[in-house]
Protein chains: 2
Amino acid sequence: MDIKQYVIEHGRQVNLAAGQHLFRQGEMEDALYFVKQGLFKAYYLCQDGKELVKSFIAEGDVITNLSAVFEREPCTFSLLALEPAALVKVDFDSLYQHTLDDLELSRFMLASLIKLAQKKERREYEFLCLDATTRYQQLMQHQPDLLHRITQNDIARYLGITPVALSRIKHGRKG
Amino acid sequence: MDIKQYVIEHGRQVNLAAGQHLFRQGEMEDALYFVKQGLFKAYYLCQDGKELVKSFIAEGDVITNLSAVFEREPCTFSLLALEPAALVKVDFDSLYQHTLDDLELSRFMLASLIKLAQKKERREYEFLCLDATTRYQQLMQHQPDLLHRITQNDIARYLGITPVALSRIKHGRKG
DNA sequence: TCAGCGTTTTAACCTAGGTTAATTACCTCG
DNA sequence: CGAGGTAATTAACCTAGGTTAAAACGCTGA
């Protein structure tokens, strides 16, 4: 079965206003979401109260909290709508069961997971090998569009630095 | 078809001595490897000549360079045997084709990719939210076995710090 | 045994980025 | 319009970790 067909048959529309959470770190979650409209940030809340941004998610992307839906553990991060959003919610277990029995769905899942793995490898590379200034330059190069929809505070927390440090970098000053 | 069966039918034995490369950053590569014996490090060589360790790979793990085999681009990292190693080499394209037509293979690939994605998410979390000292403690907790097979230099480069810094951390001194 | 080589430790000094706090620039709403 | 709130900038100071270099600690192999 085609994934689009599956989503039409099994999906449920969900709408969120900007500022609302789709789910929160610590809660249970068993769904997967297809983003039709809007912009989200996935973020971690650390022990010391600091907030770090895991990723930004926009139209066409898929939202899921792997450890939550697979291991049935509490969500490891929170998901917040930065813009008014429209999604389609699909029960993960049910989709997964269908995937195990349907080659076409299976192909779709494979492709998505490969894309995800590649994205995460790239991010691993950037944290491992590049300094904050270079990471910022790469972000500007590869997703210039995103930058206009996101606050500089969130960009900083995505790069793994503070807003103060990002401001310094932008203006070519040293610490 | 069962993955084990597939590997038996299509795999080729490969043996490496410690210190030999399975492939090198920049080269082309179209295979996937199942590690039967040995220990490897996957590492990046950065512009400034520095070496950073992407991951360690041991018995039971699978080796692949996603961008190389999927996008047919040069390898993004190098793979070095730290111990004498025995692997089975499988042509990626051929396995992938079979996967697209075989539900059982497909399930195996899905499971592997999910495991990979989870591993990379965990690493992303650690770089984003934890300092070097905490990353080191977590490593000791979660893979105490690995530490004994690996040089402290490599552990440091895996944690994203220098060997000097790791020595300081171990002995509770500040910079 | 010792020479030679890689790994680890130590020390002195340096720098990217963190912290705190004050200032300024925008918004939005009443 | 002005008040209040968030986002961005700036400055002063601090710290984790980098850099360089020198010693100490293994090894392994002749």
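Numbered from 1 within each chain, the chains take letters A, B, ... in sequence-line order.
In terms of modelled atom types and a separation under 3.5 Å, the side chain of A:R135 and the main chain of A:L130 share a donor-acceptor contact. A distance-only check finds no donor-acceptor pair linking the side chain of B:E51 to the backbone of B:Y44 [under 3.5 Å].
Among residues two or more places apart in sequence or in another chain, the salt bridge (Lys or Arg N to Asp or Glu O under 4.0 Å) test is passed with B:D48 by B:K50.
With 3.5 Å as the limit, one finds no donor-acceptor pair spanning the side chains of B:Y6 and B:T99. A donor-acceptor contact under 3.5 angstrom links the side chains of B:Q5 and B:E9, judged on distance only.
Atom NE2 of A:H171 and atom P of D:dA7 are 17 Å apart (whole Å).
Ionic pairing of B:R122 and B:E126 is present here: one or more N-O contacts between side-chain nitrogen and carboxylate oxygen are shorter than 4.0 angstrom.
Between B:L95 and B:D91, every side-chain heavy-atom pair lies at or beyond the 4.5 Å cut-off.
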Take nucleotides 11-24 of chain C nucleotide by nucleotide from the 5' end and write B, S or -, depending on whether a protein heavy atom sits under 4.0 Å from the base, only from the sugar-phosphate, or from neither. BBB--SBBBB----
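Within residues 147-157 of chain A, the residues approached by DNA chain D to less than 4.0 Å at the level of any non-hydrogen atom are A:T151, A:Q152, A:N153, in residue-number order.
Taking the ring centroids of A:Y125 and B:F77, they lie at or beyond the 6.0 Å cut-off.
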